[in-house]
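In what follows, a single structure is set out as structure tokens and then discussed.
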Amino acid sequence: MAGESEIKETYQNFMKILEDLTNNAHELQEQMLEEILRRNAGTEYLSRFFPSGQADKQNFKTNVPIVTYEDIKPYIDRIANGETSSILFADPISQFLRRCFSVSDEGRSLSLYFCKPDMETPSGLVASSYVTFYSKSNIFKTSLAKFCISPIETILCLDIKQSMFCQLLTGLLQRDKVVLFGSTFASLLARTIKFLEDYWRELCCNIRTGYLSDWIIDPGCKNAMSLILTMPNPELADLIQQICEDKSWEGVIKKLWPKIKYISSICTGSMSQYIPLLEFYGGGIPLVSPSYASSEACFGINLKPLSNPFDVSYTFLPNIAYFEFLPVNKDGGGKAQVTRTIDKPVDLANVKLGQYYEVVVTTLAGLYRYRVGDVLRVTGFYNKSPQFQFVERQNVVLSIDADKTTEEDLWKAITNAKLILEPFGVMLTAYNSYSDISSTPGRYVLFWELKMKDSNDLPKLDVKIMEQCCCIVEESFDFTYKSLRKGGAISGLELRVVKRGSFDELMDFYISKGASISQYKPPCCLKSEEAIKILNSGTVGKFFSPKTMS
Ligand code: AMP
């Protein structure tokens with residue numbers, strides 16, 4: 001067992017490392033770029049940008065272009081097809097792992113992880129999602145997995161339903177050990193709670209009888225569960241039943257797992273739509289958004305875990321990769337002009353407070369000046385390392401004419417509108433949108449999934465209130481939208497309310513197309529006809545703004 005002093009020492013060591021890193025942000029960034037160039041300047045990709053052979057920072061900045069995935073795809077395809085020369089990387093790919101939260105030996109974390117089948121490139125290289133790769137790695141098995149309550153076999157099971165059932169069953173059977181409830185992204189926690197709503201009776205039945213449901217056929221899951229579900233436990237089943245039979249599920253997480261200290265999940269950016277839901281089910285448990293990371297690199301960590309989830313900033317770690325920032329001209333007053341001065345990226349040490357940037361990354365593993373596609377805002381500095389708020393994915397826009405409504409604009413408008421539903425006990429649990437140009441003039445269409453706070457019933461929708469929601473959303477948009485709308489170039493907004501579970505179906509659709517459930521990010525703005533069809537088929541009510549906007 002880790003004692004108090006051991007935990008204190010670990011914390012002090014962590015803080016010392018953090019102070020060193022952030023105080024030397026500029027120097028570490030310079031060293032990082034030097035190291036990347038020292039290792040990789042001879043690769044086919046980089047060498048052509050250094051014809052004189054001098055691979056220094058100045059030539060890097062002048063000659064190496066800023067790229068997107070499409071630009072480097074041909075090189076990645078060649079590697080995938082089996083070319084072994086050093087195309088992008090001089091060395092084998094190294095893996096950077098995210099910082100993990102220790103919950104000490106006194107408790108366990110019910111952290112939902114899921115694996116998906118690996119794919120093979122034409123030359124036989126294994127291609128995995130990050131979470132799958134990480135869950136199979138030895139470093140996971142020998143460190144973080146020890147804090148997870150779910151047996152590793154249940155995490156490695158490739159069937160999401162069986163895996164989720166067994167992970168939840170384990171969490172319920174050992175409810176007094178669980179001190180953390182989490183997942184990588186908040187969308188997965190929302191999905192997990194919905195699963196619990198659908199399956200709590202069956203989970204209770206397993207606990208009551210001591211028998212595992214017979215549809216759990218995965219050998220790993222069966223084997224692992226046979227060591228945990230060893231005998232009938234009717235008292236526990238009664239207790240869980242009593243909690244879940246309550247009409248309102250407010251605070252259900254705290255009731256089911258009374259020792260929980262916090263919920264850990266990324267809930268910024270497009271995940272912020274799940275904050276109200278998680279706060280509701282959490283019943284006051286802190287919601288911690290631990291880090292800002294991607295498959296390309298880990299960018300930053302949240303040094304104030306208890307800050308309001310809507311105000312989270314991430315401190316960039318200067319020793320992970322070489323970062324540059326493209327200034328983004330985004331008017332804070334709601335005019336969503338997203339213009340980029342892409343010719344002048346600045347270094348980590350030169351970002352300015354309050355300014356918006358798109359992050360560009362150069363990694364040891366062979367990405368050079370790669371546009372990740374995320375827009376961030378500088379909110380402060382920790383020593384000499386900047387802190388950023390995640391604003392939105394770049395290029396996610398609703399647009400009919402000259403209007404451009406970004407992910408953040410949409411989120412703000414919906415946040416304003418849903419306020420009028422609250423007095424009626426109605427919660428918005430998920431949303432997205434698309435630009436409907438099937439008729440002229442086109443219009444914005446929103447999909448909302450709603451639920452009553454005190455039950456899982458679909459709310460009775462008052463047409464007037466819902467139409468008012470449409471108006472508030474439109475009123476919250478920028479000047480360009482409103483003038484085009486008033487001038488008749490955009491039709492009135494349409495709000496489609498979908499039945500509960502529709503957004504799960506959408507998630508299933510993207511998973512069937514190759515997305516990983518653990519890394520799923522709900523699209524804010526739908527482009528796929530099939531995806532729109534799924535939500536249309538779940539639509540139970542349609543509401544419109546008035547024909548003309550006053
Ligand atoms: P993936 O490579 O699948 O892990 O996805 C990485 C992407 O997820 C990033 O480029 C962001 O768009 C998004 N993301 C990761 N961390 C956060 C965060 N803390 N807040 C908002 N979005 C995030």
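Both ligands and their constituent atoms are indexed starting at 1 by order of listing. All values reported here derive from a predicted model rather than from experimental measurement. Residue numbers count from 1 along this sequence.
Contacts between S129 and ligand 1, counted as non-hydrogen atom pairs separated by less than 4.0 Å, are absent for every part of the residue.
Of the possible donor and acceptor atoms, one in the side chain of T132 sits under 3.5 Å from a partner among the backbone N and O of K116. The backbone N or O of F323 sits less than 3.5 Å from a side-chain atom of Q29, completing a donor-acceptor pair.
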Q: Begin with the C-alpha distance, continue with both residues' side-chain angles, and end with the deciding distance and a verdict on ring pair (Phe, Tyr, Trp, His ring centres under 6.0 Å) for Y481 and Y444.
A: CA-CA 11 Å; Y481 176 89; Y444 290 6; 4.8 Å; yes
**Q.** Stepwise side chain to side chain donor-acceptor pair (under 3.5 Å) check, T480 with D403
**A.** CA-CA 6 Å; T480 314; D403 53 304; over 6 Å; no
Q | Trace of the salt bridge (Lys or Arg N to Asp or Glu O under 4.0 Å) decision for D71 with R369 | A | CA-CA 11 Å; D71 298 312; R369 311 194 93 189; over 6 Å; no
Q: Evaluate the criterion ring pair (Phe, Tyr, Trp, His ring centres under 6.0 Å) for residue pair F299 and F388; output intermediate values, then yes/no.
A: CA-CA 10 Å; F299 301 102; F388 291 91; 9.7 Å; no
Q.
Show, in sequence, the C-alpha distance, side-chain angles and deciding distance for Y356 and Q389, and conclude whether the side chain to side chain donor-acceptor pair (under 3.5 Å) test is met.
A. CA-CA 9 Å; Y356 292 82; Q389 209 164 49; over 6 Å; no
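Checked for salt-bridge contact, R393 and E407 miss the test: no charged N lies under 4.0 Å from a carboxylate O.
Atom 18 (C) of ligand 1 has I266 CG2, 3.3 Å as its closest protein atom, hydrogens excluded (heavy atom only). Shortest contact from atom 4 (O) of ligand 1 to any protein heavy atom: Q519 NE2, 3.5 Å. From the protein, the heavy atom lying nearest to atom 15 (C) of ligand 1 is A293 O, 2.9 Å. Summary of contacts: the protein heavy atom closest to atom 2 (O) of ligand 1 is S295 OG, 2.7 Å. For atom 19 (N) of ligand 1, the nearest non-hydrogen atom of the protein is S291 O, 2.8 Å. Distance from atom 12 (O) of ligand 1 to its nearest protein heavy atom, with residue and atom name: D374 OD1, 2.8 Å.
Heavy atoms of K521 come nearer than 4.0 angstrom to ligand 1 in at least one pair.
For atom 21 (C) of ligand 1, the nearest non-hydrogen atom from the set T268, I301, V131 comes from T268. Closest to atom 22 (N) of ligand 1 by heavy atom, among Y520, Y314, F390, F299, is F390.
Interface atoms of ligand 1 facing V372, defined by a heavy-atom separation under 4.0 Å, are 10 (O). Those atoms of ligand 1 with a heavy atom of R393 less than 4.0 angstrom away are 10 (O), 12 (O).
At under 3.5 Å, not a single nitrogen or oxygen of S289, backbone or side chain, sits near a nitrogen or oxygen of ligand 1. Between E296 and ligand 1, no pair of N/O atoms sits closer than 3.5 Å. The N/O atoms of S294, backbone and side chain alike, include none that comes under 3.5 Å of an N/O atom in ligand 1.
Crowding of K61 atom NZ: a count of heavy atoms from other residues, nucleotides or ligands under 6.0 Å exceeding 12.
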